[in-house]
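I have placed the structure first, in the form of structure tokens, so that the comments after it can refer back to it.
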Protein chains: 2
Amino acid sequence: MTVTIKDVAKVANVSYSTVSKALNNSPLVKEATKKKVLKVAKELGYEPNLAAKQLVSKRTEVIGLVWPTIERIVLATLVTNISNAFKQTPYSMILSVDTPETAMETFRKFSVDGIIAFAESDLPLESFANIPVVNYGVYKQGDVSYPTIDANHEKAIELAVDHLHRQGHKHIVYAGLLDTTDPLQIEKVESYRKAMKKFSIENCIHEVDTKGLDWQDGYHAVDKILQSDPIPTAIIGGSYDISGGIVRALQEREISIPEEMSIVSYDNIPQMETMEVPMTCVGVPVNELAKEIVSSIIDLIEEKEEDAWIKKLTPVLTVRESTAFNK
Amino acid sequence: MTVTIKDVAKVANVSYSTVSKALNNSPLVKEATKKKVLKVAKELGYEPNLAAKQLVSKRTEVIGLVWPTIERIVLATLVTNISNAFKQTPYSMILSVDTPETAMETFRKFSVDGIIAFAESDLPLESFANIPVVNYGVYKQGDVSYPTIDANHEKAIELAVDHLHRQGHKHIVYAGLLDTTDPLQIEKVESYRKAMKKFSIENCIHEVDTKGLDWQDGYHAVDKILQSDPIPTAIIGGSYDISGGIVRALQEREISIPEEMSIVSYDNIPQMETMEVPMTCVGVPVNELAKEIVSSIIDLIEEKEEDAWIKKLTPVLTVRESTAFNK
DNA sequence: TTGTACGCGTTATCAG
DNA sequence: CTGATAACGCGTACAA
């Protein structure tokens, strides 16, 4: 026995169409009646029936998110942030952990109003009818099929190099995944080279291949880093996990951070704060990223400007305790 | 312009109620008409409208899954398997990455027919009206509030010890998280002790605290393991990640698996097969777990037997290349 | 075996 | 400003 607008109407002594208007904050109803209706609705514990709403309005206010297969903490954090960002809006979000194809099927079944996907997901281009899609991440070969949001990776790396350079570091090593076809990783190394050139320390360019993006990859890269001559005074870690591994390995060798080695990490997520050493990092703060993604998909839904565009978000440098002046 | 049963009816030259019956495989329509309707429906690309269906039938055939906050690969795999298991059923699954409270709100908004949660999630007990819930995992202090499915952890560990013991191992070390309040971890160590006793090798009981459940925790535990005297000939790794770290550390020390060291891992997921060394493991196969969870929640929904029970699933030993006879 | 008519809870369009 | 009333797409008694 769920309570409907009719029940509310009866108790509030108005017609149920008035209740509907009041509930939707229509200007066509007197402030007093609106108040009364709202009060009664609350008292009765009225909950709008999504199905009925959708049936008539053709909209669900639900957005589907295609969860990528790979589980990296940064993405998990992003997903959580996106989910939170939706709480400020009338929209809800549902997740699918399936293949893009199955995900699409589910989303069509739920008739979501929009879809968020990550570049890695490789959405099927067809079969979309007219559901707006927003994409996050670097698109391969610039074939922008959907409106895409991305961080300005180049700028981010430049911020990192700039920060370290200002602190007197020259021998700045970049530790990341080098041997790969992942466009994001490639863009990061290339930006590193560019930035080193920009600050005229290209003779110090020094890249270490972590061969992966995980904790252990960073951990093992430290060996290679410490074998070089001269030993760098600063490291740019290519991902949250990599940097974590680097820190651990340095600690075990009793190399103090930041006195003997400065570290800046790529990715800007709250977890950077609570690492073994609070981490200086560069990147678009994940909550901003989330906010932008959410507002983009909503704009797309509500305004239907179907042009494919790319929006590059501006990263910031967050200084913490893992970097210091080079003495 | 979505296609409805009326459109199908027109094309198939029947009334739309007949279409409805045909689509629902009602015995009240002739086989021939049913076939024709189904064919037309497919041709027109008919998709049932969930909202309308729900509005009249009061059921959504949707089940909500409360995604736990902690991201461990085993759970991710379980979630994926659950999602797959639903594909064999008329039900769909939606995921929430929010707090249990917000998740519940979302699920009520979608009026899901049932909920799956993990023990860690600590669901709010009230506010459930009458939505069936199935729980996965060890419940604290045995206060079984919801029907609960769990693996028989004790039996699993016993299988591991038994297997190693049969292979002539006596010095079997258990490497897992010891100093914790997590009931699952506690149950695992205790079962280890029990099993060692059962096979009368309790004088060899040897536990190493990994202080965590991650890759690096296993990796670092190897030091401690190798320092002991006598050095054990076999290791039981407390989780997928722990075992991965152990394998890596052993490889780096050129200790060959399984010739010099046998390893059995807790958790039974397909990824065990593709580890550096294909891993012998114990646990309830994750797809079985998923199947059981799914069928339980569906039974609960369709039969409404609201008693709280615990179902302990029987684990199996999967022998691969990480274990061998002790010589 | 098939078709008709009603209702599910809501929004939106008109009259009042 | 407020109140009837017609959709929305589907399931289902009930009638044919």
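By convention in this document, chain letters (A, B, ...) are assigned in the order of the sequence lines, proteins followed by strands, and residues within each chain are numbered from 1.
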Write down the distance between CG (B/Leu44) and C1' (D/dG9), rounded to a whole number of angstrom. 15 Å
Measuring from the side chain of B/Val56 (C-beta onward, heavy atoms only), which nucleotide among C/dG7, D/dC1, C/dG9 has the closest atom? C/dG7
Within the structure provided, determine whether B/Val62 and A/Phe110 are in side-chain contact (heavy-atom separation under 4.5 Å). yes
When rounded to whole Å, the CG to P distance for the pair B/Leu55 and C/dC6 reads 18 Å
Strictly below 4.0 Å, heavy-atom distances to any atom of DNA chain D: list the hits from residues 10-24 of chain A, or just say none. A/Val14, A/Ser15, A/Tyr16, A/Ser17, A/Thr18, A/Lys21
Measure the distance from CG on A/Leu28 to P on D/dA4 and round it to the nearest whole Å. 17 Å
Spacing of A/Asn49 atom CG relative to C/dC8 atom P, expressed in whole Å: 12 Å
Nearest-angstrom distance from the residue atom NZ of B/Lys58 to C1' of D/dT12: 14 Å
Taken to the nearest whole Å, CD/B/Gln54 to P/D/dG11 is 13 Å
Mark yes or no for whether B/Asp7, through its side chain, and B/Thr4, through its backbone, hold a donor-acceptor pair below 3.5 Å. yes
Would you call the rings of A/Phe118 and A/Tyr136 parallel, tilted or perpendicular, where under 30° means parallel and over 60° means perpendicular? perpendicular
Trace of the side-chain hydrogen bond (donor to acceptor under 3.5 Å, both in side chains) decision for B/Thr314 with B/Asn152: CA-CA 6 Å; B/Thr314 308; B/Asn152 188 335; over 6 Å; no
Flag if over 12 foreign heavy atoms under 6.0 Å of NZ, A/Lys10: no
What is the separation between atom CG on A/Asn25 and atom C1' on C/dA12, rounded to the nearest whole Å? 17 Å
Would you check if B/Ile149 and B/Leu313 make a side-chain contact, meaning some heavy-atom pair closer than 4.5 Å? yes
Separation of atom CZ in A/Arg59 from atom C1' in D/dC8, rounded to whole Å: 15 Å
